[in-house]
Amino acid sequence: MNTNDLNQYSVNRQSGFTMVELMIVLIILGVLSSIAVPTYFEHVRESRRADATANISRVLGQQELFYGNNGSNYASSASQLGYASGSLPANTFDTEEGHYRIAMQDCAGGAIDDTDECIRLVATALSGSQTKDANCQTFVIDSYGARSSTKSGGSSSSGCWN
């Protein structure tokens with residue numbers, strides 16, 4: 001062996017990160033994720049709220065069209081509007097996305113019949129994170145255009161239709 005070979009082995013080369021540097025990076029990632037993940041889920045819940053309001057507004061429009069075409073009677077079952085209720089009651093169906101269940105009622109909360117002059121549509125949160133949306137659990141709209149929403153405890157909520 002010559003001296004160049006010995007120098008190559010005796011040089012103390014350090015590479016990589018220290019434990020302190022790694023811990024600092026992990027702490028920073030933890031703080032960022034604790035902020036980002038809840039914000040992401042709140043954004044998802046808000047976009048699903050928009051789906052709920054769009055769905056029941058669309059169904060209300062279909063009900064008004066049905067009313068005009070069928071001698072001043074509202075559709076009493078989901079199938080009359082082209083929705084499959086499956087094993088649910090005839091006046092109830094799930095949205096295409098599956099996050100809300102829409103119920104069609106008369107404005108007093110009962111079944112729709114030939115004498116009703118007012119109907120009400122209620123969209124209720126169904127699945128996953130939507131059921132954790134404490135501020136906007138249900139959306140209600142009636143044929144007079146009145147809109148409301150309720151929190152998970154049943155009390156009135158504002159800002160859900162925005």
Side-chain angles (χ1 to χ4, degrees), residues 23-162:
M23 292 306 292
I24 290 171
V25 168
L26 288 175
I27 289 170
I28 291 171
L29 287 175
V31 168
L32 289 176
S33 66
S34 70
I35 294 169
V37 170
T39 302
Y40 168 75
F41 284 121
E42 182 61 26
H43 177 70
V44 168
R45 280 191 288 272
E46 287 177 8
S47 68
R48 289 179 181 165
R49 287 180 202 163
D51 285 341
T53 58
N55 272 303
I56 63 174
S57 295
R58 184 184 71 236
V59 173
L60 181 62
Q62 291 171 321
Q63 278 284 21
E64 293 298 337
L65 185 61
F66 189 93
Y67 184 85
N69 290 335
N70 291 285
S72 300
N73 294 321
Y74 287 107
S76 59
S77 70
S79 63
Q80 290 175 302
L81 297 176
Y83 298 101
S85 57
S87 62
L88 299 171
N91 68 328
T92 306
F93 62 96
D94 293 343
T95 59
E96 293 173 8
E97 301 84 15
H99 302 296
Y100 287 87
R101 179 164 291 156
I102 297 178
M104 303 182 301
Q105 311 165 340
D106 66 13
C107 282
I112 299 173
D113 60 32
D114 294 343
T115 63
D116 292 322
E117 295 180 11
C118 174
I119 61 159
R120 178 172 73 167
L121 303 173
V122 181
T124 306
L126 277 182
S127 65
S129 68
Q130 280 319 103
T131 57
K132 296 176 186 171
D133 187 1
N135 292 326
C136 302
Q137 280 291 301
T138 63
F139 295 88
V140 180
I141 190 169
D142 67 24
S143 54
Y144 295 122
R147 301 181 303 182
S148 63
S149 55
T150 59
K151 295 180 181 183
S152 59
S155 62
S156 181
S157 180
S158 62
C160 296
W161 280 87
N162 296 338

Exercise for the section: For Ser76, check side-chain contact (heavy atoms from CB on, under 4.5 Å) against everything at least two apart and list the hits. Expected result: Gln80, Ile112
Exercise for the section: Search all heavy atoms of Ala75 against all heavy atoms of Phe66 and return the closest pair with its distance. Expected result: N-CD2, 3.2 Å
Practice task
Under the side-chain contact (heavy atoms from CB on, under 4.5 Å) rule, collect the residues that match up with Ile28, sequence neighbours excluded.
Solution key: Ile24, Leu32
Fill in the blank from the handout: Applying side-chain contact (heavy atoms from CB on, under 4.5 Å) to Asp51 and not counting sequence neighbours gives Asn55, Glu97
Fill in the blank from the handout: Output for pair (Asp114 CG, Asn73 CG), nearest 0.5 Å, gives 4.0 Å
Practice task
Take atom CD of Glu117 as the centre, draw a 6.0 Å sphere, and report whether it contains more than 12 heavy atoms from other residues, nucleotides or ligands.
Solution key: no
Practice task
Give every residue pair that meets the disulfide (SG to SG under 2.5 Å) criterion with at least one member in residues 26-102, sequence neighbours excluded.
Solution key: none
Report, one line per pair, each donor and acceptor closer than 3.5 Å where one atom sits in a side chain of residues 154-161; sequence neighbours left out.
unit_1	atom_1	unit_2	atom_2	d
Ser157	OG	Asn135	O	2.6
Trp161	NE1	Ser148	O	3.0

Problem - Expected output: side-chain Gln137 to main-chain Thr124 donor-acceptor under 3.5 Å - result: no
Exercise for the section: Would you give the length of the straight line joining atom OH of Tyr144 to atom CD1 of Ile119, rounded to the nearest 0.5 angstrom? Expected result: 11.0 Å
Problem - With Tyr40 via side-chain contact (heavy atoms from CB on, under 4.5 Å) - residues at least two apart - result: Val44
Exercise for the section: Keeping to residues at least two apart or across chains, list the disulfide (SG to SG under 2.5 Å) pairs with something in residues 39-88. Expected result: none
Practice task
Output all residues satisfying salt bridge (Lys or Arg N to Asp or Glu O under 4.0 Å) with Asp94, sequence neighbours left out; order by chain, then residue number.
Solution key: Arg101
Problem - disulfide (SG to SG under 2.5 Å): pairs with one or both residues in residues 23-54, sequence neighbours excluded - result: none
Handout entry: Contacts of type side-chain hydrogen bond (donor to acceptor under 3.5 Å, both in side chains), residue Gln130, not counting sequence neighbours
Key = Tyr100
Problem - Val122 vs Gln105, side-chain contact (heavy atoms from CB on, under 4.5 Å): CA-CA, chis, key distance, verdict - result: CA-CA 8 Å; Val122 181; Gln105 311 165 340; 3.8 Å; yes
Exercise for the section: Measure the CG-CG distance between Asp106 and Asp142 for me, rounded to the nearest 0.5 Å. Expected result: 11.0 Å
Handout entry: Separation of Tyr67 OH from Leu60 CG (nearest 0.5 Å)
Key = 12.5 Å
Practice task
Output the distance between atom NE2 (His99) and atom CG (Leu126), rounded to the nearest 0.5 Å.
Solution key: 9.5 Å
Problem - Pairs involving residues 63-110, ordered by first then second residue, that meet disulfide (SG to SG under 2.5 Å) (sequence neighbours left out) - result: Cys107-Cys118
Practice task
Decide yes or no on side-chain contact (heavy atoms from CB on, under 4.5 Å) for Ser85 and Thr92, but give the supporting numbers first.
Solution key: CA-CA 6 Å; Ser85 57; Thr92 306; 5.6 Å; no
Exercise for the section: Apply salt bridge (Lys or Arg N to Asp or Glu O under 4.0 Å) to Arg120 and list each qualifying residue two or more places apart in sequence or on a separate chain. Expected result: none
Problem - Pair Tyr83-Ile102, side-chain contact (heavy atoms from CB on, under 4.5 Å): steps then yes or no - result: CA-CA 11 Å; Tyr83 298 101; Ile102 297 178; over 6 Å; no
Exercise for the section: Calculate, to the nearest 0.5 Å, the distance between atoms CD and CG belonging to Gln62 and Leu81 respectively. Expected result: 5.5 Å
